[in-house]
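To start, the structure itself, in structure tokens.
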Amino acid sequence: MNQRVSPSKKDSILYCFYDLSVSYANYDFFQFLQLAELHRKRYGQDKLFLIFTAGTSGKFQHSTEQGEVALNSQMIMSNFLIPSCWLLPSCVNVAWLRNEEEVNVFFDQVGSNIFPITYNPQLVMVQPMTKCSMYPDVTAAYLRDEEFSVFEEPEEYTKMVVSYLSCQPESRKVITVTFRGTDCDPTIRTQIYREWEGFLGTLAEEEYRIIIVPDDYRSWQQSPFSKYECCETTTVNVLFRVALYRHAYLNMFIDNSCVDSVRWTGASSLVFNQINRQVTSSLPWFRSILGVDFGDQLPMTSKRHVLVWGTQTKELIKSEFDKFTAEFSDNILGQANGIVTHGIQSIRQQRLLCESALNYISEKMSVLVEQEHIDTIKAIIRLDPDYAMPRYLLGLVAAQIGDFDNALQLLDDCIILSNNGRNPDFDRECRSLKAEVFEKLDNPGQALQEYLELNKKYPENTGILDRISVLKKTIPKT
């Protein structure tokens, strides 16, 4: 267990469990860290206690693979995930619980202040946040206008990086280039490296200090950019890496998979290779999970954090570099009140963001309905008033808690919206739920009217015909 300071007895602690038996030991943890901090602020807790567990299995997710993959997971834990907790000043403790007994004893002692709210080490279930990605939860927080926290290294690491950079007389701007070692597509990767070498060769040595950041130990051993300064410490120390990123004029990423370590720092960055053969780097994934399309920027990130779309060629890299240097002449360390974000850039992106967040929230609501889910749905309705599904979900919740008047109003709104091109044939679900509400209100006549309206559009539907038959028998003849 690592402890920053002893929390005051008056401090309320939020205990955040990152279960490695269902969540990956990878850079997704940075999103989890941001979400935990948002939850802490939302519910008024003072401090964070981060706990890594392996549930009751004692194994990493996908750690059945032997050799290099398992070793890399252990290294990521020790070098990145655990130290990264200290990027938030609110974090006061970190623990890594290695077996079932430790997990259960600890869990029984912490009470109800836990994150995720539904976490239970005895229940083997994969929540939506671990099933695909945590990004839609980040999007939902953005739509609710919640304020994201800026990640910043502890002061001692700031001093270390300042000392490291001052070893050379510095009138030059620092450019970091981060690349990730991989065995995939070696021919394509070799070509990409050639393009980058060509671009780096165009930078004036008297103006720019280029520092290579290898992302993992394979990169460290097999750097394709051996003639440039290489900072190996960044490979094994995430706090030093973040400090270096924040003090650099610009950080350039050859692959987007490790960019999470810079996204919440406010540091300047150009992120290349958005789309590749990985499922999590395909355009459908970007649309459904991140809510962005080709050419878009993540709306909650700094304007100095730029996603670059297109094939990595020397010409594209140089063009994006020149565009950045023309717009941003100086380095500005990431400060919470100094970050200007991209914001939502189009109606198309707004709809993608709303749909991504709503699909994710609806999955989570099947487990437990939380106030933040309701707040997210209301935010989506404000942003996208022609979208029927969020009103339907609110109507469903209202019906379940007995708020029938509100449920009926929301469902009437949905029926009206079902006539536009955005929500084709959605009236069936809405009228069916509306009829159920009337039945709960012991008003079979109104319920029958809803089914009769549906029967006009779906005359061959046996389910609708059956309900009409049953309801007609319950209504006294006049």
Side-chain angles (χ1 to χ4, degrees), residues 16-19 21-24 28 31-32 35-36 38-39 42-43 55-56 61 107 112 114-144 146 279-280 284-285 287-291 351-381 383-384 387-404 406-408 410-411 413-414 417-418 423 425-437 439-440 463:
C16 308
F17 291 86
Y18 195 74
D19 191 339
S21 66
V22 293
S23 301
Y24 295 107
D28 274 354
Q31 315 311 321
F32 177 88
L35 292 169
L38 288 169
H39 188 93
R42 188 183 309 121
Y43 289 93
T56 56
Q61 169 77 326
F107 183 77
S112 59
I114 63 171
F115 176 80
I117 287 179
T118 53
Y119 176 75
N120 188 326
Q122 296 301 319
L123 298 180
V124 182
M125 67 170 65
V126 179
Q127 300 296 345
M129 69 180 302
T130 56
K131 204 161 89 175
C132 54
S133 174
M134 288 175 265
Y135 284 105
D137 222 347
V138 173
T139 299
Y142 174 75
L143 297 180
R144 296 192 299 266
E146 295 191 21
V279 173
T280 54
W285 187 87
R287 290 169 179 157
S288 63
I289 302 301
L290 294 187
R351 288 186 171 183
L352 287 175
L353 291 165
C354 289
E355 290 170 3
S356 172
L358 192 70
N359 289 339
Y360 179 76
I361 290 298
S362 62
E363 281 190 70
K364 295 187 76 174
M365 289 173 65
S366 66
V367 179
L368 176 69
V369 178
E370 302 172 39
Q371 183 59 46
E372 66 192 75
H373 302 157
I374 304 301
D375 294 341
T376 301
I377 294 172
K378 290 179 178 178
I380 291 172
I381 291 173
L383 285 168
D384 196 352
Y387 191 13
M389 179 58 78
R391 284 183 167 83
Y392 175 81
L393 287 177
L394 275 188
L396 185 62
V397 172
Q400 289 174 344
I401 64 175
D403 186 3
F404 297 124
N406 193 28
L408 291 172
L410 287 163
L411 293 171
D413 293 343
C414 288
L417 290 173
S418 69
N423 312 278
D425 301 322
F426 195 59
D427 58 333
R428 177 175 172 178
E429 288 81 2
C430 299
R431 287 193 181 277
S432 296
L433 181 55
K434 191 177 175 185
E436 290 178 20
V437 172
E439 290 189 64
K440 289 180 180 178

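The figures that follow rest on heavy atoms only: side chains count, while hydrogens, waters and symmetry mates do not. The chain is numbered in sequence order, starting from 1.
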Are any non-hydrogen side-chain atoms of [X] and [Y] less than 4.5 angstrom apart?
X    : Y    : result
L394 : I381 : yes
S288 : N359 : no
K364 : D137 : yes
V397 : M365 : yes

Take H39 and I117 through the side-chain contact (heavy atoms from CB on, under 4.5 Å) test and state the conclusion after the steps.
CA-CA 10 Å; H39 188 93; I117 287 179; 3.6 Å; yes
[X] side chain to [Y] backbone, donor-acceptor under 3.5 Å:
X    : Y    : result
S366 : E363 : yes
S356 : I289 : yes
T376 : E372 : yes

Quick check for you: to the nearest 0.5 Å, what is the distance between [X] atom [atom1] and [Y] atom [atom2]?
X    : Y    : atom1 : atom2 : result
R351 : R287 : CZ    : CZ    : 15.0 Å
L38  : R144 : CG    : CZ    : 7.5 Å
H373 : S362 : NE2   : OG    : 10.0 Å
I380 : I361 : CD1   : CD1   : 7.5 Å
D375 : E370 : CG    : CD    : 11.0 Å
D384 : L358 : CG    : CG    : 9.5 Å

How far apart are the closest heavy atoms of [X] and [Y], and which atoms are they?
X    : Y    : value
F107 : N120 : CZ-CA, 4.1 Å
L352 : G291 : CB-O, 3.6 Å
C16  : A36  : SG-CB, 3.7 Å
L433 : G395 : CD2-C, 4.4 Å
I377 : P390 : CG2-O, 3.2 Å

Carefully, step by step, assess Y135 and Y360 under the rule ring-ring contact (aromatic ring centres under 6.0 Å, His included).
CA-CA 10 Å; Y135 284 105; Y360 179 76; over 10 Å; no
Classify the ring geometry between F115 and F32 as parallel (under 30°), tilted (30 to 60°) or perpendicular (over 60°).
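Answer is tilted, since the angle falls between 30° and 60°.
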Y392/F426 under ring-ring contact (aromatic ring centres under 6.0 Å, His included): CA gap, chis, key distance, verdict
CA-CA 10 Å; Y392 175 81; F426 195 59; 5.4 Å; yes
